[in-house]
There are 2 protein chains.
Amino acid sequence: MINDLSQELELLHERVCPALGDTTRMRLLYALADKPCSVNELVEALALPQSTVSRHLSVLRNRRLVLTQRQGTAVIYTLKSKKLLEAMDMLRDILREQIQDENELASKLDLQPNLEANP
Amino acid sequence: MINDLSQELELLHERVCPALGDTTRMRLLYALADKPCSVNELVEALALPQSTVSRHLSVLRNRRLVLTQRQGTAVIYTLKSKKLLEAMDMLRDILREQIQDENELASKLDLQPNLEANP
DNA sequence: TATATATATCCGCTTATCCGCATAAAAGGA
DNA sequence: TCCTTTTATGCGGATAAGCGGATATATATA
């Protein structure tokens with residue numbers, strides 16, 4: 001419908017992009033980028049209730065962004081694709097560029113960066 | 001708080017990632033990846049009401065993902081960073097991997113891919 | 001100033017999403 | 001089997017996000 005993005009890709013985009021839109025899920029992905037983790041490890045790392053962590057993990061799994069593997073009673077979550085890591089690194093770079101831009105702007109105008117989290 | 005992701009980066013992540021989480025905004029970004037566009041051009045390309053397009057564009061602008069520039073009465077929107085494009089390409093690759101995986105799985109098991117859009 | 005064009009914003013409404021307690025389900029050990 | 005540990009899910013409530021018509025704002029031109 002738009003550009004050369006096929007309908008199939010667009011459908012899948014609807015599946016993946018919203019998964020990345022949640023900050024908690026983003027933090028989970030960053031944690032998993034370090035190493036595979038059990039739910040409990042993630043609960044401790046993020047300091048969130050277990051039900052919250054589990055639910056977000058299930059979203060990531062349903063969207064095929066992470067893989068799971070049982071180890072006794074524990075479930076180990078792993079990032080599925082290296083490319084997801086690369087994409088996340090790219091996002092970090094974008095963020096760093098933003099920080100730089102805003103610091104420059106702030107020092108030029110002698111103003112606070114004035115960023116609205118939610119316009 | 002999590003890994004080596006500094007607090008500042010985490011705050012910015014909260015600003016950028018949710019912006020990418022909406023399908024309409026994703027389509028806008030893809031359209032702008034082709035070439036800078038006015039609001040009207042985007043309205044026609046996406047076949048959405050003007051107010052809807054404008055609102056999403058303002059989100060993207062507030063999150064510093066696009067730049068604007070007036071041309072007479074029109075406002076031209078441009079992708080701000082090349083890296084955003086690269087990150088989007090990376091996401092496409094991930095999606096293509098998913099498609100491949102699921103097709104293989106489906107042919108092996110003689111099943112429908114069975115993907116839930118919303119777990 | 002009046003009119004036209006293009007964009008941004010206001011508003012009410014609907015829907016989706018997130019949260020976390022409580023509880024179910026899965027696996028292992030006594 | 002009973003108990004423990006670990007993870008997943010049902011549920012209700014609160015919040016956020018999206019939608020789109022109507023309207024305001026900005027710019028250009030006559």
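Note that these values count all heavy atoms, side chains included, but never hydrogens, waters or copies made by symmetry. We name chains A, B, ... by the order of the sequence lines, and we start the count at 1 in each one.
Here D:dA8 presents its P atom at 11 Å from CD1 of A:I76, a figure rounded to the nearest Å. As a whole-Å value, the separation of B:L60 CG from D:dG18 C1' is 14 Å. One can place CG of B:L57 at 10 Å from P of C:dT7, the figure rounded to the nearest angstrom. Between A:L28 atom CG and D:dA8 atom C1' there is a gap of 15 Å when expressed in whole angstrom units. Atom P of nucleotide C:dT17 and atom CG of A:L20 are separated by 14 Å, given to the nearest angstrom. B:L48 has its CG atom 15 Å from the P atom of C:dT7, to the nearest Å. Atoms CG (B:N62) and P (D:dA17) sit 13 Å apart, rounded to a whole Å. When the P atom of C:dA6 is taken as reference, atom CD of B:Q50 falls 11 Å away, rounded to whole Å.
Donor-acceptor pairing under 3.5 Å, judged by distance alone, is present between the side chain of B:R55 and the base of D:dG20.
If you check D:dA8, D:dT9, C:dT7 against the side chain of A:V39, the one that comes closest is D:dA8. The side chain of B:T52 lies closest to D:dC19 when the candidates are D:dC19, D:dT6, C:dC21.
Remark: the backbone N or O of B:I99 is not paired with any side-chain donor or acceptor of B:R96 at under 3.5 angstrom. The backbone N or O of B:D101 lies less than 3.5 Å from no partner atom in the side chain of B:E104, so there is not a single donor-acceptor pair.
For the pair B:Y77 and C:dA8, the criterion of a side-chain N or O lying under 4.0 Å from OP1 or OP2 is met. Checking the phosphate oxygens (OP1, OP2) of C:dG20, no side-chain nitrogen or oxygen of A:S54 falls inside 4.0 Å. Regarding contacts with the backbone of D:dT5, every side-chain N or O of A:N40 stays at 4.0 angstrom or more from both OP1 and OP2. Distances shorter than 4.0 Å separate none of the side-chain N or O atoms of B:H56 from OP1 or OP2 on D:dA17.
Across all strands shown, C:dT1 is found opposite D:dA30 as a Watson-Crick or G-U wobble partner, with both distances under 3.5 Å.
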Test side chain to side chain contact (heavy atoms under 4.5 Å, CB included) on A:H13 and B:R27 and set out the steps.
CA-CA 9 Å; A:H13 246 301; B:R27 293 174 67 203; over 6 Å; no
Apply salt bridge (Lys or Arg N to Asp or Glu O under 4.0 Å) to residues A:E97 and B:K80 and explain how you reach the verdict.
CA-CA 10 Å; A:E97 282 177 9; B:K80 181 175 175 187; over 6 Å; no
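With contacts defined as side-chain heavy-atom distances shorter than 4.5 Å, the pair B:R55/B:T52 qualifies.
For B:Q50, the side chain to side chain donor-acceptor pair (under 3.5 Å) partners are B:S54, not counting sequence neighbours.
The residue among B:E41 and A:R25 whose nearest nucleotide of DNA chain C lies closer to the 5′ end is B:E41.
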Do nucleotides 25-30 of chain C as a string where each nucleotide becomes B, S or -: B if the base has a protein heavy atom under 4.0 Å, S if just the sugar-phosphate does, - if no protein is that close.
-SBS--
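Checking B:Q98 against A:R15 by side-chain atom types alone, a donor-acceptor pair falls below 3.5 Å.
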